[in-house]
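Worksheet for the structure shown next.
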Amino acid sequence: MDKKLRVGIIGATGMVGQRFVSLLADHPWFEITALAASARSAGRSYEEAMEGRWLISQPMPEKVKKMPVIDAADYDNVAEKVDFVFCAVNMSKEETRALEDAYVLRETPVVSNNSAHRMTPDVPMILPEVNAHHLPLIEVQRKRYGVKRGFITVKPNCSIQSYVPALTPLKEFGLDKVMVSTYQAISGAGKTFETFPEIIDNIIPFISGEEEKSEKEPLRIWGELTPETVIYAQRPVISAQCLRVPVSDGHTASVFVKFDRKPTKEQILEAWAKFEGDPQKLNLPSAPKQLLKYFEEDNRPQAKLDRMYENGMGITIGRLREDEIFDYKFVGLSHNTLRGAAGGAVLTAELLVAKGYIEAK
C-alpha cells in the first residue's frame, strides 16, 4: 500500500479503544488521525484524558499522547479527518445505532465492535476466516442509506470466537447439536482485578445477554447469503451457558458436539490443521498464519499460557475426546480483547481494504 489510510477510533478512551490505539500505532496500512470519545473527554490531549485510566500492558504510544480528543458526536469534524472509523463505545443500543448511522451518512465506513447493528439484516457480521462471503451485503446497505462509500460492518460477540472457528471446518460432517459453556475473562466486561474486586476467588454464573448471543450469532455467521440479507442456518441447535471467571484475558469454551456423520478423531484433527480463510490466503497483516492450533497435552490450552498464540489472533484447542452422550467434546480458547474485539476488527478492516470496500476519500 503506497499511502496509509486515515483511521479514527470512536470510543478511544475505553478498554477496547485502548487496544485499538495500541494495535494501530505502527500498523502497515492504517494511521490514526482522529481519537474520539464522550464530551467529557473532548478538548483534552489523549494523554490528559487517559490519566490513571490506561489499562493496556504496553505503554501508550508516543504518537497519540498529544493528539486532541474529539467529541464523538462532532461527526463532521471526525469524518473529514478519516477514511474510515473503528467504533467501540459504551452507550445504549439506540444511541450507538444513531452514532454509527451518522458516520455512514457522512460517507465514512464504520467497523464496529458494538452489538447495536449485529442483527440489522443488511449489516454483515463478519468473522473474517468464516464468512467473508457475506460482505456483498454492503452494497444493499449502501442503497438503503443512499450513500456511495459509507457502510457498517460489525464483529460478532467475543466469546463465540473461542469455539465457532473450531466448529466451522467440522460442518462438512453435519453439525447437529452443540452444547457450550464459556468461561469469560473480566476484560470482556472492561474490568481489571483492581476495578472488579468481587471477582477475586469467585465465579459469577451470569453475563447479561451473552447466552442468547452465543446461541444465535453463530447461526447468522453460518447463514446463507441472499440478494438482500442472510438467512440464518437452521442447524446446529446450540445451547450455551456463560460464566465470568477470575481471569484477566482469554475466553475459554467447553464444547460438546453431535454430528450427522460422526468423524474419526483423526478426521477432526486434519480438518482443524487444514482450515484457513480469506485472511490467510490474502496474507493480511494481522492474520494468524495458522488459525487453529491443537495441543496434545491434557492440560492445554490455558488462558495464561496460550491466549497470545499468533499475537492473540489465533484459536487454541485441546482435550478432544469421544463423549457418551454427544459424539465429541473439546476445549477452545481465544483472546477476547485481541481476536475477540479490537484485533478482530482490525483484521476485518484489512479484509475490507483487500476486497475494495474501504478506500481513501
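Residues Pro156 and Ile221 have side chains in contact (heavy-atom distance under 4.5 Å, counting atoms from C-beta outward). A 4.5 Å side-chain heavy-atom check between Glu210 and Ser159 finds at least one atom pair inside the cut-off. Between Tyr183 and Val331 the shortest side-chain heavy-atom distance does not fall below 4.5 Å. In this structure, the side chains of Leu338 and Met308 come closer than 4.5 Å at one or more pairs of heavy atoms. A 4.5 Å side-chain heavy-atom check between Pro236 and Trp222 finds at least one atom pair inside the cut-off. Residues Arg235 and Asp260 meet the side-chain proximity criterion, which asks for heavy atoms closer than 4.5 Å. Between Ile186 and Val247 the shortest side-chain heavy-atom distance does not fall below 4.5 Å. Using a 4.5 Å heavy-atom cutoff, the side chains of Leu24 and Val7 are in contact.
Scanning for side chain to side chain contact (heavy atoms under 4.5 Å, CB included) contacts around Lys265 gives Leu269, Tyr294, Leu320, Tyr328, with sequence neighbours left out. For Lys148, there are no side-chain hydrogen bond (donor to acceptor under 3.5 Å, both in side chains) partners at least two apart in sequence or on another chain. Take Glu211 and apply the side chain to side chain contact (heavy atoms under 4.5 Å, CB included) test, not counting sequence neighbours, and it matches Gln241, Cys242.
Partner of Thr108 under the side chain to side chain donor-acceptor pair (under 3.5 Å) criterion, out of Glu100, Lys81, Glu80, Lys361: Lys361 alone.
Note: Phe84 and Phe30 meet the aromatic proximity criterion, with ring centroids under 6.0 Å apart.
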Report the C-alpha separation of Asp249 and Arg307 in whole Å, then their side-chain angles, then the decisive distance to 0.1 Å, and conclude whether the salt bridge (Lys or Arg N to Asp or Glu O under 4.0 Å) test is met. CA-CA 7 Å; Asp249 293 299; Arg307 59 193 169 208; 5.0 Å; no

Would Thr182 and Gln184 count as a side-chain hydrogen bond (donor to acceptor under 3.5 Å, both in side chains) if you check the C-alpha gap in whole Å, the side-chain angles of each, and the deciding distance to 0.1 Å? CA-CA 6 Å; Thr182 56; Gln184 300 185 202; 2.8 Å; yes

Glu194 vs Thr192, side-chain hydrogen bond (donor to acceptor under 3.5 Å, both in side chains): CA-CA, chis, key distance, verdict: CA-CA 5 Å; Glu194 289 73 24; Thr192 65; 3.3 Å; yes

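Note: the hydrophobic cluster containing Tyr75 does not contain Ile9 (ILVMFWY, side chain heavy atoms under 4.5 Å, direct or indirect links). In the hydrophobic cluster analysis, where Ile, Leu, Val, Met, Phe, Trp and Tyr join through side-chain heavy atoms closer than 4.5 angstrom, Ile268 is grouped together with Val255. Cluster membership check: Val130 shares its hydrophobic cluster with Trp272, using side-chain heavy-atom separations under 4.5 Å among Ile, Leu, Val, Met, Phe, Trp and Tyr. Leu127 and Tyr232 fall within the same hydrophobic cluster, where Ile, Leu, Val, Met, Phe, Trp and Tyr residues are linked whenever their side-chain heavy atoms come under 4.5 Å apart, directly or through other members. Both Leu219 and Val154 sit in one connected hydrophobic cluster of ILVMFWY residues. Membership requires side-chain heavy atoms under 4.5 Å apart, directly or through other members.
Aromatic ring orientation, Phe86 versus Phe20: parallel (interplanar angle below 30°, classes split at 30° and 60°).
For the atom pair OG1 of Thr316 and CG of Leu333, the computed distance is 4.0 Å after rounding to the nearest 0.5 Å. Considering CD1 of Ile126 and OG1 of Thr153, their distance stands at 7.0 Å, rounded to 0.5 Å. Residue Ile152 holds its CD1 atom at 5.0 Å from CG of Asp101, rounded to the nearest 0.5 Å. Taking CE of Met15 as the reference point, atom CD of Gln18 lies at 7.0 Å (rounded to 0.5 Å). Separating the OG1 atom in Thr96 from the NE2 atom in His117 is a distance of 9.0 Å, to the nearest 0.5 Å. Between Ile10 atom CD1 and Ser38 atom OG the span is 12.0 Å, to the nearest 0.5 Å.
In this structure, the side chain of Arg220 does not engage the main chain of Lys216 through any donor-acceptor pair within 3.5 Å. Distance alone, capped at 3.5 Å, places no donor-acceptor pair between the Glu107 side chain and the Val104 backbone. With Arg142 contributing its side chain and Arg149 its backbone, the two residues share a donor-acceptor pair below 3.5 Å. For Trp29 (side chain) and Leu5 (main-chain N/O), no donor-acceptor pair under 3.5 Å exists by modelled atom type. Using modelled atom types, no side-chain atom of Asp74 and backbone atom of Ile70 make a donor-acceptor pair closer than 3.5 Å.
Taking every heavy atom of both residues into account, Val16 and Ala342 meet most closely at O-CB, 4.0 Å.
Salt bridge annotation for Lys143-Asp122: absent, with no cationic side-chain nitrogen under 4.0 angstrom from a carboxylate oxygen. Using a 4.0 Å cut-off between charged nitrogen and carboxylate oxygen, Asp327 and Lys258 count as a salt-bridge pair. Between Glu129 and Arg339, at least one side-chain nitrogen of the basic residue sits less than 4.0 Å from a carboxylate oxygen of the acidic one, meeting the salt-bridge criterion. For the pair Lys262 and Glu322, the salt-bridge criterion is met [side-chain N within less than 4.0 Å of a carboxylate O]. Under 4.0 Å is where a charged nitrogen must lie from a carboxylate oxygen, and between Glu217 and Arg118 at least one such pair does.
Judged by the 6.0 Å and 45° rule, Lys293 forms a cation-pi pair with Phe295.
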